[in-house]
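In this text, all values refer to a predicted model and were calculated from it rather than measured experimentally. One-based numbering along the sequence shown.
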Amino acid sequence: MMNLDIRKILKIITLILLINNPAFAQTKEEKRAKYVLLNMQQDYITCYAFYKIGAEYVRKTKGEPSIIEGIEKSSDTSLKLAHETGEIIGMTSDKMSSKVKTEIQIQLDIIDNNFNNASALLEKYAQTCKNLIENKKERISFWENKASNKFK
């Protein structure tokens with residue numbers, strides 16, 4: 001018997017292939033899959049920006065190199081996943097770069113370009129980003145539930 005996770009992954013892959021094939025009209029399932037992927041990509045981009053800004057804050061405050069290294073690793077992971085997800089949905093590298101730059105600016109605006117205000121970002125993004133990196137299946141389920149309600 002096929003594992004439930006494997007069936008789910010195969011279903012997502014099939015839907016992704018259909019989304020990128022213009023010969024097929026978008027079904028409800030295809031719309032849901034695209035919605036999930038777009039939102040997951042935005043989550044990864046948001047977390048990438050959060051971690052990049054966080055690493056810079058720790059660096060400027062002469063924080064422990066091991067902490068900076070850990071934060072940088074999380075930012076690298078987030079960016080890698082954002083690009084992988086973007087490639088699946090056919091997004092160009094330029095479009096992905098533009099989304100990253102926009103998100104970094106949004107977060108810098110939140111702290112008024114002052115790293116001493118970084119606690120505002122911690123409150124807003126820390127737990128979500130930690131959970132996203134450690135348990136992306138939970139976040140995928142979150143977006144699948146939202147997609148099911150949006151595309152009935």
Are any of the side-chain heavy atoms of [X] and [Y] separated by less than 4.5 Å?
X	Y	value
Asn113	Gln105	yes
Leu38	Met91	yes
Ile133	Tyr51	yes

Atom [atom1] of [X] and atom [atom2] of [Y]: how far apart are they, to the nearest 0.5 Å?
X	Y	atom1	atom2	answer
Tyr44	Lys136	OH	NZ	4.5 Å
Ser141	Asn135	OG	CG	8.5 Å
Ile68	Ser75	CD1	OG	12.0 Å
Thr85	Glu87	OG1	CD	9.0 Å
Asp43	Cys129	CG	SG	8.0 Å
Glu29	Arg32	CD	CZ	6.0 Å

**Asked** Looking only at heavy atoms, which two atoms of Gly86 and Gln41 are closest? And how far apart?
**Response** CA-NE2, 3.4 Å
**Prompt:** Considering all heavy atoms of both residues, which atom of Ala120 and which atom of Ile111 are nearest to each other, and what is their separation?
**Reply:** CB-CG2, 4.4 Å
**Item:** Non-neighbouring partners of Lys146 that pass side-chain contact (heavy atoms from CB on, under 4.5 Å), sequence neighbours left out
**Value:** Tyr35, Phe142, Trp143
**Asked** Between the side chain of Gln42 and the main-chain N/O of Asn39, is any donor-acceptor distance below 3.5 Å?
**Response** no
**Request:** Indicate yes or no for a side-chain donor-acceptor contact from Asp112 to the backbone of Asn114 under 3.5 Å, with no hydrogens or angles considered.
**Result:** no
**Full working for side chain to side chain contact (heavy atoms under 4.5 Å, CB included) between Tyr48 and Ile104** = CA-CA 9 Å; Tyr48 168 75; Ile104 288 172; 4.2 Å; yes
Distance-only donor-acceptor hits, side chain of residues 53-60, under 3.5 Å, sequence neighbours excluded:
residue, atom, partner, partner atom, Å
Glu56, OE1, Arg59, NH1, 3.1
Arg59, NH2, Glu72, OE2, 2.8

For residues [X] and [Y]: do they belong to one hydrophobic cluster (side chain heavy atoms under 4.5 Å, members Ile, Leu, Val, Met, Phe, Trp, Tyr)?
X	Y	value
Val100	Leu81	no
Phe50	Met96	no
Phe115	Tyr125	yes

**Prompt:** Would you call Glu84 and Lys80 a salt bridge, taking side-chain N to carboxylate O under 4.0 Å as the test?
**Reply:** yes
**Item:** Working for side chain to side chain contact (heavy atoms under 4.5 Å, CB included), residues Met40 and Leu132
**Value:** CA-CA 9 Å; Met40 285 299 294; Leu132 180 66; 3.7 Å; yes
**Prompt:** Just checking, is any N or O donor in the side chain of Glu144 or Ser148 under 3.5 Å from an acceptor N or O on the other one?
**Reply:** no
